[in-house]
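See structure below.
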Amino acid sequence: MSSEPRLNPDTNMWDWITDDLRHHARKSGLSGAELARILNRDPSSVYNILSGRRKIQDKDAKILDKRWDLNHHFARMLRYAKLKSNSKWFGQYLEHEATARVLKIYDALAIPGLLQLPEYAAELFSAAGAADVDGLVEERMRRQEVLKQDLPPTLWILVTENVIDWPVGGAELMRKQLTRLLEEMEKPNIGLRVVPRVAGAHGGFGGSFSVMSGDSGDIAYTEATGGGRLVPSAPEVREYGIRFDRIGQLALPEPSSREMIQRALEAL
C-alpha cells in the first residue's frame, strides 16, 4: 500500500476510520475485490475508501461490524466523525470545489463567490467584520482560477431575486457586478437562473448550499450562522440534490432570468 495517501489517524477521525478498516481487512486476509463483494460495492469505490479518498457510509459500517463481530465499532466511529467539528473543514471544501466537475450552487443572499468581483467580495467581508479583508478577497479570487482551466467545471446556479436587486456596495458597484454576471452567463459551462419573489416559500429558505460532484464522489456544503458544514453522507447529499431541483422548478428560465438581471441593472 505504498501508493496510498498518508493518513493521520491521531488527529483526524476520518483517517482513524480508514486506518482501522485497512487493519481489519489485512487481519482478515481480505483483498480489495473480496471486500467489495462483502460491501456490495464496485471495486473502484472500495479502493477509494481504502485509500482515504472516500468515506464509508452507514450501511458499510453495519456490514463491517457484523462481519468482524466488532460490537458497533465502525457505526460508533462514523457517528462521532460526523458530529466532530473539523477545524480544517474549509480547506477540505476548497479541495472539493477545485476538483469538482459539476457544482450546483444555491445562494439566497449574495452572488456566489466564484462569480464575485473583488470589490463586491470586500464589501461582504467588511460587513461581516472580517479582520483580514484583503487576504480573504485574494483567496476568493484565487478560487475563481478554476473557471479559467482548459476544461472548467460546469456551474448550475440558482439565486433569489434579493441577490440581484440588493445594492451591495452601492449602485455603481452593483452595476459592475450584475454586468459581470451577465457576461458569465454567456459561457457554455455556466447556467444561472433567478428564483423570483412571487414564487413564495420554497426549499431554499433554510439557507444557501452547494452540491459538488467529482471523480471522488459527491459532497454537499451547507451554510449556517457562524459557519457551515460539509455533508459527506450519500443519503444527505441526495437530499440536497433533490432540494436544488425543487428550488429550480420555481426559478425563471435562463432567458427570463437574464431579462430580470438586465432590468435590475438598468434600475440602479
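Computed from heavy atoms alone, side chains included, the values below leave out hydrogens, waters and symmetry copies.
- Nearest approach of Met174 to Pro167, heavy atoms of both residues: CG-CA, 3.9 Å.
- Side-chain N/O atoms of Asp42 and Ser44 include a donor and acceptor closer than 3.5 Å.
- A donor and an acceptor atom, one from each side chain of Asn189 and Thr154, are nowhere located under 3.5 Å apart.
- Judged by the 6.0 Å and 45° rule, Arg243 forms no cation-pi pair with Tyr106.
- Ile49 has its side chain out of reach of Leu35: every pair of non-hydrogen atoms, C-beta onward, lies at least 4.5 Å apart.
- With salt bridges taken as basic N to acidic carboxylate O contacts below 4.0 Å, none links Glu266 and Arg175.
- Checked for salt-bridge contact, Arg197 and Glu161 meet the test: a charged N lies under 4.0 Å from a carboxylate O.
- Under 4.0 Å is where a charged nitrogen must lie from a carboxylate oxygen, and between Lys148 and Glu145 at least one such pair does.
- In plain terms, the two heavy atoms of Leu147 and Pro152 that are nearest each other are O-CB, 3.6 Å.
- Across all non-hydrogen atoms, the minimal contact from Ala251 to Pro196 is CA-CD, 4.3 Å.
- At least one side-chain heavy atom of Ile261 sits under 4.5 Å from a side-chain heavy atom of Met185.
- Between Glu119 and Lys176 there is no salt bridge, since none of the side-chain N atoms of the basic residue sits less than 4.0 Å from a carboxylate O of the acidic one.
- We find that Arg142 and Glu138 are joined by a salt bridge, their nearest charged nitrogen and carboxylate oxygen being less than 4.0 Å apart.
- Relative ring orientation between Phe74 and His24 is described as perpendicular, the plane-to-plane angle rising above 60° on a 0-90° scale split at 30° and 60°.
- Side-chain contact between Trp16 and Leu21 is absent, with no heavy atoms from C-beta onward closer than 4.5 Å.
- Under 4.0 Å is where a charged nitrogen must lie from a carboxylate oxygen, and between Glu184 and Arg180 at least one such pair does.
- Scanning both residues, Asp107 and Ser208, for their nearest heavy atoms gives OD1-OG, 3.2 Å.
- Salt bridge annotation for Asp65-Arg76: absent, with no cationic side-chain nitrogen under 4.0 angstrom from a carboxylate oxygen.
- A search for side chain to side chain contact (heavy atoms under 4.5 Å, CB included) contacts involving His23 returns Lys27, not counting sequence neighbours.
- The two atoms that bring Arg193 and Ser257 nearest to each other are CA-OG, 3.3 Å, heavy atoms only.
- Contact between Leu64 and Leu70 at its shortest, heavy atoms only, is O-CD1, 4.3 Å.
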